[in-house]
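Below is one structure, written out as structure tokens, with a few remarks after it.
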Amino acid sequence: MQYFEDIAVGTKSSFGRYEVTREEVIAFAQRYDPQPFHLSDEAAAATHFGRLSASGWHTCAMTMAMMVENLKANKQAGLGSPGLDELRWLKPVYPGDTLRCETEVLDKRASQSRPEMGIFHSRMTVFNQHDQPVMTFVSTGLVATRPTT
């Protein structure tokens, strides 16, 4: 199990692989972001996107899926997150793209009010298959401290 004490500032990691499908882009958009450029090739062609593109919120959801798989694989004692900052969608994500993540731990501190947990910030960058950044944000993570026995 990876606890707060095991997290080192400056640590970088790469993980994830998510293949973006046309069907998923349209299904997500129909339910959560029904703007024409997320639903129709014709409508998207008339915009700066040029073709059907994934919702930025869908990109966030795909990133979350990769993050959770990584947390499970590394057995982090995660306790959730109170939020994120500086969310930026840098490039469109298209059906056929393959996404991956890179993260760097920026800082960490013990919680003053909850001694059983610590707080850390990390910068997430999501890349497409051309190694172009498509999204960035700074996340706040809560993680359990190592139990004392």
Side-chain angles (χ1 to χ4, degrees), residues 1-39 47-49 52-149:
M1 187 67 66
Q2 183 187 43
Y3 294 101
F4 174 73
E5 294 81 1
D6 304 316
I7 295 172
V9 173
T11 299
K12 295 179 181 181
S13 62
S14 299
F15 58 88
R17 178 179 168 79
Y18 199 105
E19 295 182 12
V20 183
T21 68
R22 175 183 177 75
E23 296 75 22
E24 187 176 347
V25 166
I26 292 170
F28 185 96
Q30 285 173 331
R31 182 154 186 174
Y32 300 109
D33 192 357
Q35 298 184 74
F37 43 83
H38 298 318
L39 297 169
T47 71
H48 66 282
F49 294 113
L52 188 73
S53 64
S55 165
W57 297 112
H58 186 194
T59 304
C60 289
M62 292 182 280
T63 301
M64 189 69 202
M66 289 185 282
M67 288 172 55
V68 170
E69 284 303 310
N70 185 59
L71 291 173
K72 289 186 329 190
N74 289 307
K75 298 183 171 137
Q76 187 185 79
L79 299 171
S81 172
L84 55 87
D85 297 300
E86 302 175 33
L87 173 63
R88 300 289 181 269
W89 293 302
L90 305 172
K91 291 186 78 58
V93 171
Y94 298 110
D97 283 352
T98 301
L99 305 179
R100 65 178 182 83
C101 301
E102 290 184 8
T103 188
E104 178 182 5
V105 178
L106 302 174
D107 61 58
K108 72 178 214 176
R109 67 179 172 83
S111 172
Q112 294 185 9
S113 61
R114 306 278 307 264
E116 72 278 8
M117 72 173 61
I119 302 159
F120 69 100
H121 292 98
S122 58
R123 178 169 312 283
M124 172 69 73
T125 305
V126 181
F127 293 88
N128 65 18
Q129 70 277 9
H130 303 295
D131 290 328
Q132 299 168 319
V134 298
M135 185 176 74
T136 60
F137 58 86
V138 174
S139 66
T140 303
L142 305 175
V143 63
T145 56
R146 189 176 315 290
T148 55
T149 54

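Numbering starts at 1 and runs along the sequence shown. Everything numeric in this text was worked out from a predicted model, so none of it was measured.
- E69 pairs by the salt bridge (Lys or Arg N to Asp or Glu O under 4.0 Å) definition with K72, not counting sequence neighbours.
- No side-chain donor-acceptor contact under 3.5 Å links H38 and Q30.
- Using a distance-only test at 3.5 Å, with no hydrogens or angles considered, no donor-acceptor pair links the side chain of W89 to the main chain of M135.
- The CD1 atom of I119 lies 10.0 Å from the CG atom of D107; values are rounded to the nearest 0.5 Å.
- In summary, the side chains of D6 and Q2 do not present any donor paired with an acceptor at a separation below 3.5 Å, with no hydrogens or angles considered.
- At a threshold of 4.5 Å between non-hydrogen side-chain atoms, the residues E24 and V20 do not count as touching.
- The CG atom of L99 sits 6.5 Å away from atom OG1 of T59, with the distance rounded to the nearest 0.5 Å.
- Salt bridge E86/R88: absent, no basic N to carboxylate O contact under 4.0 Å.
- Contact check for D131 versus R100: side-chain heavy atoms found under the 4.5 Å cut-off.
- Taking 4.5 Å as the limit, every side-chain heavy atom of C101 sits out of range of all side-chain heavy atoms of T125.
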Quiz item: Is there a side-chain contact (heavy atoms from CB on, under 4.5 Å) between F15 and M67 once you walk through the steps?
Solution: CA-CA 8 Å; F15 58 88; M67 288 172 55; 4.2 Å; yes
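- Interatomic distance, CZ of F37 versus CG of L52, reported as 10.5 Å (0.5 Å rounding).
- A distance of 8.5 Å separates CE in M62 from CG in D97, rounded to the nearest 0.5 Å.
- For the pair F49 and Y94, the tightest heavy-atom approach, listed with the atom from each and the gap, is O-OH, 2.8 Å.
- Considering all non-hydrogen atoms of both residues, L79 and A144 come closest at CD1-N, 3.6 Å.
- The side-chain heavy atoms of V93 and N128, taken from C-beta on, include no pair separated by under 4.5 Å.
- Atom-to-atom distance recorded for T11:OG1 and L106:CG is 11.0 Å, nearest 0.5 angstrom.
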Exercise. Step by step, work out the side-chain contact (heavy atoms from CB on, under 4.5 Å) result for R123 and E102.
Key: CA-CA 8 Å; R123 178 169 312 283; E102 290 184 8; over 6 Å; no
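- With a 4.5 Å cut-off on side-chain heavy atoms, S55 and F28 count as touching.
- Around NZ of K108, the count of heavy atoms belonging to other residues, nucleotides or ligands within 6.0 Å exceeds 12.
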Quiz item: Between T103 and S13, is a side chain to side chain donor-acceptor pair (under 3.5 Å) present by the stated rule, with each step listed?
Solution: CA-CA 5 Å; T103 188; S13 62; 5.4 Å; no
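- For the atom pair CG (L142) and CD (E116), the distance works out to 10.0 Å, reported to the nearest 0.5 Å.
- Side chain of E5 to backbone of R146: a donor-acceptor contact under 3.5 angstrom is found.
- A donor atom on one side chain and an acceptor atom on the other are not found under 3.5 Å apart for N74 and Q76.
- Here the closest heavy-atom approach between residue V25 and residue P95 is recorded as CG2-CG, 4.0 Å.
- In this structure a side-chain-to-backbone donor-acceptor pair under 3.5 Å is missing from T140 to L84.
- R22 pairs by the salt bridge (Lys or Arg N to Asp or Glu O under 4.0 Å) definition with D41, not counting sequence neighbours.
- Considering only residues two or more places apart in sequence or on other chains, Y3 meets the ring pair (Phe, Tyr, Trp, His ring centres under 6.0 Å) condition with none of them.
- The side-chain heavy atoms of V126 and M124, taken from C-beta on, include a pair separated by under 4.5 Å.
- The local environment of CZ in R17 is sparse, with at most 12 non-hydrogen atoms from other residues, nucleotides or ligands closer than 6.0 Å.
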